[in-house]
Amino acid sequence: MAVRTWLMILFLVFMMMQKGKGQLSETFYRTSCPKVESIVRKVVTEKINQTFITIPATLHLFFHDCFVEGCDASVLISSPNGDAEKDAPDNLSLAGDGFDTVIKAKTEVEKSCPRVVSCADILTIATRDIIELAGGRSFKVELGRRDGLISKASRVTGNLPDPNFNLTQLNTMFAKNNLTQTDMIALSGAHTVGFSHCSRFANRLYSFSPSSPVDPDLNPTYAQQLMQACPQNVDPRIAINMDPATPQTFDNLYFQNLVTKKGLFTSDEVLFTNKASQATVIDFANNPGDFSGAFVTAIRKLGRVGVKTGNAGQIRVDCTAFNS
């Protein structure tokens, strides 16, 4: 009996120690900054009213942040030497409106709760808000992340999905972040409000293979539309919508597009052409509720990747710079 009591005490002490280390919670700022979510929501709404690009830009920023060093706002750091995470070639396509959304929200939050809320949490809240404001399902966010202390361009390579990835490569990369194939397919659905520069898919139009310059898995009519929007040697700054049907609405049309071979990237269309993932794509195309539910589950899981909590990291005062 004494041994059992002793073991119970040890277990309780262990649990208390774990709690002391910090963990994510939907009520993390209930007492320290109770209005943080409404403050961020107001900034995000104003920013969207200025430009719709805020929506895909913020989503894109969140994904890229979490896949490198974890969800710790490392992608927001600016370096005078041009060697921070955001300076990596794979991150040069990140639109400035995503960064601006977080920086503006942080400025407002600091007025009410100085040095309390991390930039990583503000990016997480903003991402949830833009999904809902674009027509997606509302959901609660887990908070309590701290901002990372490492931001290096050299650490980005090999940690972000490539537009030419096949299903195995996609699954391997997402599995590294504790995300399943279903999570990966659901998160790919964020491309419903995405945009891309022509260079990211030009090979599917002009140089797919010696026998077929145009990717045979690309809808011929859609391919012609893409060629008109993205002629060879087009201005590299030109970008087009990834969902040609409802580019400003967070819906399941991305998956309906895949079924009709209108996926922009190889890594999009492969989700339908590969039999191992096709059934999930068809389900999401036919059942918007299934997609919405799977997406919320997946993005909440993504938000837990590599988080710093407790005494790890810091609460940045300026999202673009480590505290001095």
Between Glu46 and Lys104, is the closest basic N to carboxylate O distance under 4.0 Å?
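Salt bridge between Lys104 and Glu46, a charged N being under 4.0 Å from a carboxylate O: no.
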
Charged N to carboxylate O under 4.0 angstrom, Arg300 versus Glu142?
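Counted as a salt bridge, because a side-chain N and a carboxylate O are separated by less than 4.0 Å.
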
[X] atom [atom1], neighbour heavy-atom count above 12 within 6.0 Å:
{"X": "Lys176", "atom1": "NZ", "value": "yes"}
{"X": "Lys301", "atom1": "NZ", "value": "yes"}
{"X": "Asn233", "atom1": "CG", "value": "no"}

Could you state whether Ile299 and Phe67 fall into the same hydrophobic cluster, counting links through intermediate Ile, Leu, Val, Met, Phe, Trp or Tyr residues with side-chain heavy atoms under 4.5 angstrom apart?
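In one cluster: yes.
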
Answer yes if Ile122 and Val307 sit in the same cluster of Ile, Leu, Val, Met, Phe, Trp and Tyr residues linked by side chain heavy atoms under 4.5 Å apart, and no otherwise.
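Not linked; separate clusters.
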
Is the backbone N or O of [Y] less than 3.5 Å from a side-chain atom of [X], with the two atoms forming a donor-acceptor pair by type?
{"X": "Asn91", "Y": "Asp87", "result": "no"}
{"X": "Asp83", "Y": "Ala153", "result": "no"}
{"X": "Arg316", "Y": "Ala73", "result": "yes"}
{"X": "Asp100", "Y": "Gly96", "result": "no"}
{"X": "Gln314", "Y": "Asn323", "result": "yes"}
{"X": "Lys308", "Y": "Gly306", "result": "yes"}
{"X": "Asn287", "Y": "Asp283", "result": "yes"}
{"X": "Asn241", "Y": "Asp243", "result": "no"}
{"X": "Arg237", "Y": "His197", "result": "no"}

Heavy-atom closest pair, residues Phe62 and Gly303
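Shortest heavy-atom contact: CZ-CA, 3.9 Å.
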
Going from NZ on Lys262 to OG1 on Thr221, what distance comes out if it is rounded to the nearest 0.5 angstrom?
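If we round to the nearest 0.5 Å, Lys262:NZ and Thr221:OG1 are 7.5 Å apart.
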
Spacing of Leu133 atom CG and Arg128 atom CZ [to the nearest 0.5 Å]:
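Spacing of CG (Leu133) from CZ (Arg128) equals 9.5 Å.
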
Any donor-acceptor N or O pair under 3.5 Å, side chains [X], [Y]:
{"X": "Asp251", "Y": "Thr246", "result": "yes"}
{"X": "Thr54", "Y": "Asp97", "result": "no"}
{"X": "Asn257", "Y": "Tyr222", "result": "no"}
{"X": "Gln23", "Y": "Thr309", "result": "no"}
{"X": "Thr168", "Y": "Asn171", "result": "no"}

Is the ring pair Phe291/Phe284 parallel, tilted or perpendicular, if the boundaries are 30 and 60 degrees?
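Tilted.
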
Can Glu269 and Arg204 be said to form a salt bridge (Lys or Arg N to Asp or Glu O under 4.0 Å), step by step?
CA-CA 11 Å; Glu269 196 55 52; Arg204 298 190 73 197; 5.2 Å; no

